[in-house]
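These numbers come from a predicted model, not from an experiment.
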Amino acid sequence: MSILLDECIDRRFARELADHEVQTVPQKGWAGIKNGELMELAQAEFDVFVTVDRNISFQQNLPLYEIAVIVLKALSNRYQDLAPFGPKILESIADLKPGSAIVLELNEE
């Protein structure tokens, strides 16, 4: 599965998604592109877009895009706060459909 990480996500997070093709928005040369145009570009090359932008589902009509979106509800976008989401993403992506969006958060005990 091909996964695009939003520019606000630490690029080291890609190693948490082993066995998948993972690139970042800056690696693609798309840094600074607004969400609507970014979604257009991303859907042509990727299956899943991962972001920490909790407003994306309000800003974009996600069912119009042929890409699934995962929103990480993390304490910050620092690598140490995102790394625990790796297994949750790996569990979730098999069931994602294009145009769908899910929010993942860690259960604090």
Side-chain angles (χ1 to χ4, degrees):
M1 189 158 296
S2 58
I3 302 170
L4 180 65
L5 300 180
D6 201 357
E7 66 184 295
C8 54
I9 293 180
D10 190 307
R11 62 185 166 85
R12 295 176 292 171
F13 184 66
R15 63 181 158 209
E16 304 300 325
L17 305 174
D19 300 326
H20 295 281
E21 178 188 327
V22 181
Q23 288 189 291
T24 66
V25 167
Q27 285 173 324
K28 292 297 295 175
W30 297 342
I33 294 176
K34 299 294 179 207
N35 280 344
E37 185 180 352
L38 181 60
M39 295 297 290
E40 288 285 335
L41 293 168
Q43 72 179 350
E45 297 183 40
F46 295 92
D47 302 306
V48 179
F49 178 61
V50 179
T51 185
V52 293
D53 181 356
R54 296 178 191 178
N55 293 319
I56 193 165
S57 60
F58 301 109
Q59 297 166 344
Q60 303 300 316
N61 190 356
L62 297 178
L64 295 178
Y65 298 102
E66 289 296 314
I67 187 170
V69 175
I70 297 176
V71 178
L72 304 180
K73 194 172 180 182
L75 293 174
S76 78
N77 61 347
R78 296 179 323 170
Y79 174 72
Q80 56 266 38
D81 290 331
L82 297 176
F85 283 93
K88 290 188 79 119
I89 290 173
L90 295 174
E91 284 175 21
S92 302
I93 58 176
D95 297 327
L96 289 176
K97 305 283 186 254
S100 68
I102 61 168
V103 177
L104 296 180
E105 56 186 309
L106 298 175
N107 294 330
E108 301 296 327
E109 296 186 22

| field | Taking every non-hydrogen atom, the tightest pair across Val22 and Gln27 | value | O-OE1, 4.3 Å

| query | Taking atom OH of Tyr79 and atom CZ of Arg11, what is their separation to the nearest 0.5 Å? | reply | 12.0 Å

| message | Just checking Asp19: does its CG atom have more than 12 heavy atoms from other residues, nucleotides or ligands closer to it than 6.0 angstrom? | response | no

| field | Partners passing side-chain contact (heavy atoms from CB on, under 4.5 Å) against Glu105 (at least two apart in sequence or in another chain) | value | Lys73

| request: Could you walk me through whether Leu90 and Leu17 pass side-chain contact (heavy atoms from CB on, under 4.5 Å), step by step? | output: CA-CA 7 Å; Leu90 295 174; Leu17 305 174; 4.1 Å; yes

| request: Verify, without hydrogens or angle tests, whether Ser92 (side chain) and Lys88 (backbone) share a donor-acceptor contact under 3.5 angstrom. | output: yes

| query | Under the side-chain contact (heavy atoms from CB on, under 4.5 Å) criterion, do Ile89 and Phe13 qualify, and how do the steps go? | reply | CA-CA 11 Å; Ile89 290 173; Phe13 184 66; 3.6 Å; yes

| Same cluster for Phe85 and Ile70 if Ile/Leu/Val/Met/Phe/Trp/Tyr side chains link at under 4.5 Å? | yes

| query | Hey, what do you get for OG1 (Thr24) to CG (Leu4), rounding to the nearest 0.5 Å? | reply | 7.5 Å

| If two hydrophobic side chains count as joined below 4.5 Å and joins carry through other members, does Leu104 share a cluster with Leu62? | no

| query | Between CD of Glu45 and CH2 of Trp30, what distance do you get to the nearest 0.5 Å? | reply | 4.5 Å

| Side-chain heavy atoms under 4.5 angstrom apart, residues restricted to Ile, Leu, Val, Met, Phe, Trp, Tyr: same cluster for Leu96 and Ile3? | yes

| Closest non-hydrogen atom pair between Leu82 and Ser76, with its separation | CD2-O, 3.7 Å

| task | Applying salt bridge (charged side-chain N to carboxylate O under 4.0 Å, His left out), name anything that partners Arg78, two or more places apart in sequence or on another chain. | result | Asp81

| task | Give, for atom CG of Leu5 and atom NZ of Lys28, the distance between the pair rounded to the nearest 0.5 Å. | result | 13.0 Å

| message | How long is the straight-line distance from CG of Leu38 back to CD of Gln43, given to the nearest 0.5 Å? | response | 10.5 Å

| query | Which one of Asn77, Ile56, Leu72 satisfies the side-chain contact (heavy atoms from CB on, under 4.5 Å) criterion with Thr51? | reply | Ile56

| message | Is there a path of hydrophobic side-chain contacts, each under 4.5 Å between heavy atoms, that joins Ile9 and Val103? | response | no

| remark: Closest non-hydrogen contact found for Cys8 with Val52 is SG-CG2, 3.4 Å

| field | Flag, side chain of Ser2 to backbone of Asp47, donor-acceptor distance under 3.5 Å | value | yes

| Spacing of Met39 atom CE and Glu66 atom CD [to the nearest 0.5 Å] | 10.5 Å

| field | Contact summary for Asp53 and Val71, nearest pair of heavy atoms | value | O-CG1, 3.8 Å

| Stepwise side-chain contact (heavy atoms from CB on, under 4.5 Å) check, Val25 with Phe49 | CA-CA 10 Å; Val25 167; Phe49 178 61; 4.2 Å; yes

